[in-house]
Amino acid sequence: MKRIKLFLMLSLLVLPSLGEIGGAVSFAQTPYLSNQSLPYMPVKLDVLFIGNSFSIDTSALLPDILSSMGINTVNVYVLYKGGCSMRQHYEYFKSDKAVYDFYQYNSRGTTKLDGSITIREAMRRVPYDVVVFQQYSLESGNYTSYEPYLSRIIQAFRLVTTSPRTTFAFNQTWAYASTHKEIGKTYPTQESMWRQIVQSVQKMRANSGIDLIIPCGTAIQNARAANKTFQQNNEFCRDGQHLDNYMGRYVAACTFFESIIGPAMGRSIRDDFSIIGKSSDPNQVNNKNRRLLQNCARLAVANQNVISEFAGQ
């Protein structure tokens with residue numbers, strides 16, 4: 001009898017009233033993906049980046065970092081189509097059109113593997129440990145542009161992959177320079193563009209279950225917040241949109257490393273001593289600013305949703 005009374009009391013505590021829920025029980029949305037954890041200390045690490053020019057910007061300086069640190073067992077493959085959105089990746093999968101370039105980044109440098117490849121072929125070429133997705137930069141702050149295409153691309157990958165297990169990641173892109181024509185048009189300000197991107201990625205994470213985020217956007221915003229330290233006059237962009245070839249790309253590569261390669265291989269970006277460009281040029285990567293640039297990435301990985309008060313330290 002005591003057990004029955006206890007059961008009834010607990011039932012009353014956990015069941016909402018019909019007045020509160022309008023006669024129906026509602027449940028929070030469940031993420032559609034149970035993401036695999038990153039492999040730890042694998043014999044080799046193969047990463048596929050399904051993206052566009054911002055994926056190239058993020059990956060371009062990885063060979064310098066990997067070579068400097070003596071990491072010879074990591075390969076990052078970038079499937080590139082300029083300005084490509086997730087909707088377009090999905091449509092190209094369905095049509096099986098060979099519209100992509102295919103690049104490989106490792107400690108030996110950058111290699112263009114193919115200039116006319118389909119997304120299906122790239123997906124099954126290597127048994128990837130990690131697959132990174134990314135939205136087209138102008139649409140990154142609009143979550144309605146993410147779905148249903150992201151979930152369908154994941155299904156497509158599962159259909160053709162040769163990998164027995166894959167971790168999915170998402171690259172949080174950066175806001176344009178404040179002088180870009182879309183600032184004040186599509187997005188009110190640079191900071192509002194960054195905030196909308198952050199919010200969209202947060203929603204993507206909650207709805208998809210992709211919990212591994214590469215916060216390049218926040219890392220670049222950290223660097224911009226510390227601009228008095230770096231004395232940059234281009235907001236880390238070469239054209240108001242794409243990252244400059246030195247400091248901007250280095251911050252993004254450090255963020256990629258700290259999010260994926262470092263945790264998997266048991267290494268820290270602090271072990272990198274690359275010089276990108278001329279060691280005497282204050283706008284390039286050298287012994288005077290390298291640690292500060294690394295810190296912008298490390299702070300973003302520590303908190304991907306906040307511009308850090310410690311940027312520039």
Side-chain angles (χ1 to χ4, degrees), residues 30-52 55 58-59 62-63 65-66 69-81 84 86 89-96 98 100-108 110-114 117-135 146-172 201 204-214 255-267 301:
T30 302
Y32 57 75
L33 177 70
S34 179
N35 206 19
Q36 297 274 358
S37 60
L38 280 172
Y40 182 66
M41 300 299 285
V43 174
K44 65 183 182 67
L45 183 71
D46 292 310
V47 181
L48 173 64
F49 211 142
I50 299 174
N52 48 48
S55 310
T58 302
S59 309
L62 285 174
I65 294 172
L66 295 172
M69 296 175 66
I71 300 175
N72 303 314
T73 56
V74 172
N75 293 287
V76 176
Y77 301 87
V78 176
L79 187 66
Y80 163 77
K81 172 77 171 137
C84 203
M86 283 187 279
H89 288 308
Y90 164 67
E91 291 175 349
Y92 285 135
F93 183 90
K94 290 198 300 179
S95 64
D96 205 27
Y100 294 92
D101 293 335
F102 196 48
Y103 294 91
Q104 180 185 45
Y105 298 87
N106 56 32
S107 62
R108 294 177 293 281
T110 303
T111 305
K112 186 174 183 178
L113 300 176
D114 207 313
I117 190 173
T118 68
I119 188 171
R120 289 172 184 256
E121 185 179 350
M123 284 177 169
R124 61 175 167 247
R125 179 170 288 194
V126 173
Y128 304 103
D129 302 289
V130 183
V131 174
V132 183
F133 301 103
Q134 175 186 291
Q135 179 57 302
Y146 287 43
E147 291 291 0
Y149 312 108
L150 176 59
S151 57
R152 291 179 181 176
I153 296 167
I154 292 172
Q155 291 178 52
F157 176 81
R158 290 292 197 196
L159 181 68
V160 300
T161 183
T162 60
S163 175
R165 54 140 355 256
T166 305
T167 304
F168 294 108
F170 196 91
N171 189 32
Q172 176 212 82
V201 172
M204 178 283 305
R205 178 177 181 172
N207 291 342
S208 71
I210 297 178
D211 53 356
L212 180 55
I213 310 300
I214 306 169
T255 310
F256 187 103
F257 185 93
E258 283 289 279
S259 301
I260 293 180
I261 300 172
M265 306 305 291
R267 301 292 298 274
V301 173

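Model, not experiment: these values are computed from the prediction.
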Measuring only between side-chain heavy atoms, which start at C-beta, is [X] closer than 4.5 Å to [Y]?
| X | Y | result |
| --- | --- | --- |
| T58 | V132 | no |
| T162 | P127 | yes |
| L150 | Q135 | no |
| F257 | M69 | yes |
| L62 | I261 | yes |
| Y105 | V47 | no |
| H89 | Y100 | yes |
| P39 | L45 | yes |

With rounding to the nearest 0.5 angstrom, report the [atom1] to [atom2] distance, [X] to [Y].
| X | Y | atom1 | atom2 | answer |
| --- | --- | --- | --- | --- |
| I117 | L79 | CD1 | CG | 7.0 Å |
| R124 | S163 | CZ | OG | 15.0 Å |
| N106 | T111 | CG | OG1 | 6.0 Å |
| M265 | K44 | CE | NZ | 11.0 Å |
| I210 | I154 | CD1 | CD1 | 4.0 Å |
| I119 | F102 | CD1 | CZ | 10.5 Å |

Does any N or O in the side chain of [X] come within less than 3.5 Å of the main-chain N or O of [Y], such that one atom is a donor and the other an acceptor?
| X | Y | value |
| --- | --- | --- |
| T167 | V130 | no |
| S259 | F256 | no |
| R120 | A156 | no |
| E91 | S95 | no |
| D129 | D46 | yes |

### Plane angle bin for F170 and Y146 - parallel if under 30°, tilted between 30 and 60°, otherwise perpendicular
parallel

### Query
Parallel under 30°, tilted from 30 to 60°, perpendicular over 60°: which one fits the rings of F168 and F157?
perpendicular

### Task
Would you check, one step at a time, whether the test side-chain contact (heavy atoms from CB on, under 4.5 Å) holds for M204 with I213?
CA-CA 10 Å; M204 178 283 305; I213 310 300; 3.8 Å; yes

### Message
Working note: F93 + R152, criterion side-chain contact (heavy atoms from CB on, under 4.5 Å); need CA distance, chi angles, decisive distance, verdict.
### Response
CA-CA 10 Å; F93 183 90; R152 291 179 181 176; over 6 Å; no

Which heavy-atom pair separates [X] from [Y] by the least distance, and what is that distance?
| X | Y | value |
| --- | --- | --- |
| N35 | G209 | CB-O, 3.5 Å |
| G266 | M41 | N-SD, 3.9 Å |
| V78 | S59 | CG2-OG, 3.6 Å |
| A264 | P42 | O-CD, 3.4 Å |
| I153 | M86 | CD1-O, 3.3 Å |
| T110 | P63 | OG1-CG, 3.8 Å |

### Task
Verify whether the ring centers belonging to Y77 and Y128 lie closer than 6.0 Å.
yes

### Task
Apply the test side-chain contact (heavy atoms from CB on, under 4.5 Å) to residues V43 and T73: give CA-CA distance (whole Å), side-chain angles for both, the deciding distance (0.1 Å), then the verdict.
CA-CA 7 Å; V43 174; T73 56; 6.0 Å; no

### Message
Test side-chain contact (heavy atoms from CB on, under 4.5 Å) on V76 and L66; report intermediate values, then the result.
### Response
CA-CA 11 Å; V76 176; L66 295 172; 5.6 Å; no

#### Entry: R205: partners by salt bridge (Lys or Arg N to Asp or Glu O under 4.0 Å), with sequence neighbours left out
none

